[in-house]
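Following: one structure in structure tokens, then a few remarks.
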Amino acid sequence: MSPLSARDTARLGLLAGTAIILFVFEGLAPRPLPWMRLGLGNLPVLLALLLYGPFPALAVSGVKLLIGGLLSGALAGPGFVIGGGAALASLGAMAAGRRLGRGAFSPVGLSVLGAVAHQGMQLLLAWVYIGRAELWSLLPLSLLIGLVSGFLIGLLARWSRDRLDAADPRE
């Protein structure tokens, strides 16, 4: 892995800051179901993955989770552990899809893959905490939410990446 330029480091900082802002504001928005979020905070993580690779994306995700957890007052609580584990599973799935697919997955495909992995891991970790098999009845709804939110975040990521590429004077 080559070292990042000062410009790329600054961009990653902006992506991390954007992820925090989106994460916190999304937590304040009304939700139809208590656990249901669109996942706007994952947009900068996906952009970091697309532009810089898995380790910078992990850094953006980690900063989002830690600072977002501190600002929301949920740091180290069950919701934080469940959401953090799901975020890692999501990033792992997207990074694997990017690496294994080598162009087979568009930003939309990677986002859907990550959102579905997120939903599945969230249910798994909630089941570990609560120990109630009834949680698995939420799987169809969770997967549907993952498909829709992954599709929308993927479209935003593709659009954002295209704008960033067009604005980059190096190219």
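The two residues Pro140 and Ser137 make their nearest non-hydrogen contact at CD-O, 3.4 Å. Of all heavy-atom pairs between Ser90 and His118, the closest is CB-CB, 3.9 Å. Across all their heavy atoms, Ala16 and Val60 have their closest contact at CA-CG1, 3.9 Å. Listed here is the closest heavy atom pair of Ala48 and Leu12: CB-CD2, 3.9 Å. Shortest non-hydrogen contact noted between Gln119 and Ser142 is CG-O, 3.2 Å. Residues Arg161 and Pro107 share a closest heavy-atom pair of NH1-CG, 3.7 Å.
Leu50 CG to Leu164 CG: the interatomic distance, rounded to the nearest 0.5 Å, is 10.5 Å. To the nearest 0.5 Å, the span separating CZ on Phe23 from CG on Asn42 amounts to 9.0 Å. The CD1 atom of Ile153 sits 4.5 Å away from the CG atom of Leu38 when rounded to the nearest 0.5 Å. To the nearest 0.5 Å, atom CD1 of residue Ile130 and atom CG of residue Leu123 are 10.0 Å apart. For the atom pair CG of Leu110 and CG of Leu49, the computed distance is 6.5 Å after rounding to the nearest 0.5 Å. Interatomic distance, Leu65 CG to Leu75 CG, rounded to the nearest 0.5 Å: 9.5 Å.
The hydrophobic cluster containing Ile21 also includes Phe25, Leu28, under a criterion of side-chain heavy atoms closer than 4.5 Å among ILVMFWY residues, counted directly or through chains of members.
Atom CZ of Phe80 has more than 12 neighbouring heavy atoms from other residues, nucleotides or ligands inside a 6.0 Å radius. Crowding of Arg158 atom CZ: a count of heavy atoms from other residues, nucleotides or ligands under 6.0 Å not exceeding 12. No more than 12 heavy atoms of other residues, nucleotides or ligands shown are found within 6.0 angstrom of CH2 on Trp159.
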Candidate pair Leu51 and Asp8, rule side chain to side chain contact (heavy atoms under 4.5 Å, CB included), full reasoning: CA-CA 9 Å; Leu51 296 171; Asp8 291 337; over 6 Å; no
Stepwise side chain to side chain contact (heavy atoms under 4.5 Å, CB included) test for Val81 and Leu125: CA-CA 8 Å; Val81 173; Leu125 292 173; 5.6 Å; no
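Residues Leu22 and Pro44 are in side-chain contact: their nearest non-hydrogen atoms beyond the backbone lie under 4.5 Å apart. Annotation: side chain of Trp136 is in contact with side chain of Leu124 (closest heavy-atom distance under 4.5 Å).
When each of Leu43, Val63, Leu47 is tested with Leu15 by the rule side-chain contact (heavy atoms from CB on, under 4.5 Å), just one qualifies, namely Leu47.
Side chain of Thr18 to main chain of Leu14: a donor-acceptor pair is present (N/O by atom type, distance under 3.5 Å, no hydrogens or angles). In terms of modelled atom types and a separation under 3.5 Å, the side chain of Glu26 and the main chain of Leu40 share a donor-acceptor contact. The main-chain N or O of Ala57 is never found under 3.5 Å from a side-chain atom of Ser61 such that the two would form a donor-acceptor pair. Ser111 places a side-chain N or O within donor-acceptor distance of the main-chain N or O of Gly150, the cut-off being under 3.5 Å.
Not counting sequence neighbours, Arg163 has no partner by the salt bridge (Lys or Arg N to Asp or Glu O under 4.0 Å) test.
Within the cation-pi definition used here (under 6.0 Å to the ring centroid, within 45° of the axis), Arg11 does not qualify as a partner of Tyr52.
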